[in-house]
Amino acid sequence: MEMDDDKKRRSMAIYMLLAIIAMVALRTYLYPSIMATQVKDVSYSQFINDVKDDKVKKVQLNTSSNEISYTIGEGADAKEYKTTAWPDDSSLVSTLEQHKVEMVAQIPDSNANMWLYLLINMLPLIVLIGGAWLLNRRLKKAMGDDGPSMNFGGGLGFGAGLGRSGAKEVKGEETGITFKDVAGQDEAKDSLEEIVSFLEHPEKYAAIGARCPRGALLVGPPGTGKTLLAKAVAGEAKVPFFSISGSEFVEMFVGRGAAKVRDLFKQAKEKAPCIVFIDEIDTIGKRRDTGLTTNDEREQTLNQLLAEMDGFDNHKGIVVLAATNRPDSLDLALLRPGRFDRRIPVELPDLAGRESILKLHANDVKMESAIDFGAVARQTPGASGADLANMINEAALRAVRMGRLRVSQTDIEESVDVVIAGEKKKSTVLSEHEKEVVAYHETGHAIVAAVQDGKAPVSKITIVPRTSGALGFTMQAEEDEHYLTTREEYKQRLAVLCGGRAAEELIFGQMTSGAASDIEKATKIARAMVTQLGMSERFGMVALGESRDRYLGGVNEITCSEGTARDIDTEVQALVEEGHQTALQTLRDNRFKLHEIAHYLQKKETITGEEFMRILKQDDGFAPTLPKQT
Ligand code: ADP
Ligand code: MG
Ligand code: ZN
């Protein structure tokens, strides 16, 4: 970052230097030639003499300024003169007539000359500023938005104070959204209930002297309904709802974002009681760093926001809601009491939550009766509210494509696959051999999953390629939600993930690229077991990593010495290898079932969990055997 800063400053300086040289050159070479055509001032008697000498052909009199201008010579040699008319020189007209000089009153505005002069002087300055602005913008774009912004905009006095905040105001009743439109999220709703009651009757709280929270922060992964909840609070309390996204504050000119904040709160104070909703607050609320690089614009905006939050009189009932999925990057000053002191977690929905979200969105579309939403909910652990809403919509789209008037269970199940793995890809044509490999791979996963004691039975296996790049997938559905995962369960997961590659090795004696995402997932699990969950013998309960951005998939930073890092790798490798061996052993023991199911899958392309279990359990002398516990 600092390097970039230096570079930026240097190119700015070079630009300035060049611009100044150009300006000086213009002044010394171009102007004198322009100024040469300037009008020369002469005395009145000189003018009379020139007339009498018959040098003058034409005289112009400006009646308002009483100025006389005339030309001597013709063409390129012509020179212009001017003088002031002598008051009451009654003989002038007759003298001019005598010498046959053409007389014209009211000459064209001589100010035109002055304007030209001004323009020529200003032009380089305009070019200089414009160029600097463009250059700054280009650099900024090239470096991303984190670069410090040049302060010349604010300095010149434009920028700040321009325009309104751009916040969208929606009347509370008009958001049309209430808590009924948010399924699940009961804890979040409970916390927000108090804010609703405060907005409805701020005077009740004032009477007893209670201070209601000024701000609450909705925290959770994307698509869990944070924005929806904020709107629902406004709808429940029937108050105006001002919403603005954090990124709208981030402006080119220093001070502009701060002006927007000021304006937003001014509007809010006029309309109180009301809700101010700042979406994606992390864009402005990022922790101010102590390093050398600063972002003036963002800091000023943040400071203004902090000041406004302290400043408003809360008896009127203004509540500031904000949403973020990166709470750990927020500036601590934002979180202190009196600002966003309430943190309302909005987590991914659990089994019951998923089912109710599906049902809620299903109300908007025509469904066949007797749809099993519970089954869909079981197949979609980890899906957010937005994913589920999307699934229902995809199902409706599919029903239309199929020319049906109502959405059926199969539509929904298909759309689950689409949302999880992408649209079926028609253009990918696998050769029979490739199809066979994929069938064995997926069957490998499924058999290892089924043979392990299996809290998550296989619900579907398919080898239809997807637009996401997956050539097939095996879906497991959790029977019921559980929040604790044991070390054994993690190990089983590792074995299941290794099952695909193990089957390929066992049957074809070769490895393919098809296991890439399995390997990635397995490594991630094993690494978490060692560094975060204290599940390795070697390190025990020592945290070896720090996780950030939990709501955005989580980034794990290793915090240990180099030697330890190497040991972690060994440990991770051992865990994955153990899973690999378990998978190999399981598949070896169930070799015949592997062949049978893989061939069936190759023929049918998609089979359900029941079909799979039926063949697996079929007593044809090849009953599945459990692996020997190691
Ligand atoms: P976030 O702001 O948390 O990223 P949104 O509030 O924008 O998520 O949610 C996106 C969409 O997902 C909503 O418009 C809604 O259709 C759906 N959705 C998410 N959570 C829920 C929920 N709990 N109940 C009903 N719909 C939900
Ligand atoms: Mg949102
Ligand atoms: Zn796989």
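We use all heavy atoms of the structure for the numbers below, so side chains are in, but hydrogens, waters and symmetry mates are not.
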Residues in ring-ring contact (aromatic ring centres under 6.0 Å, His included) contact with F340, at least two apart in sequence or another chain: none
Residues two or more places apart in sequence or in another chain: which of them pass side-chain hydrogen bond (donor to acceptor under 3.5 Å, both in side chains) with E610? none
Among all residues two or more places apart in sequence or in another chain, which pass the ring-ring contact (aromatic ring centres under 6.0 Å, His included) test with Y205? F198
Got a list of side-chain donor-acceptor pairs under 3.5 Å for residues 364-376, not counting sequence neighbours?
residue	atom	partner	partner atom	Å
D372	OD1	G374	N	3.2
D372	OD1	A375	N	3.2

Return the set of residues passing side chain to side chain contact (heavy atoms under 4.5 Å, CB included) with A237 (not counting sequence neighbours), or none when no residue passes. V196, L199, E200, V239
By salt bridge (Lys or Arg N to Asp or Glu O under 4.0 Å), K521 pairs with (sequence neighbours left out) none
What residues form a side chain to side chain contact (heavy atoms under 4.5 Å, CB included) with L228, not counting sequence neighbours? I177, V182
Side chain to side chain contact (heavy atoms under 4.5 Å, CB included) with S191: which residues, sequence neighbours excluded? I344
Taken in chain and number order and not counting sequence neighbours, the residues that satisfy salt bridge (Lys or Arg N to Asp or Glu O under 4.0 Å) with R487 are E537
What residues form a salt bridge (Lys or Arg N to Asp or Glu O under 4.0 Å) with E280, not counting sequence neighbours? none
Those residues at least two apart in sequence (or on a different chain) that pass salt bridge (Lys or Arg N to Asp or Glu O under 4.0 Å) with E187 are none
Test side chain to side chain contact (heavy atoms under 4.5 Å, CB included) applied to D310 - qualifying residues, sequence neighbours left out: R336, R339
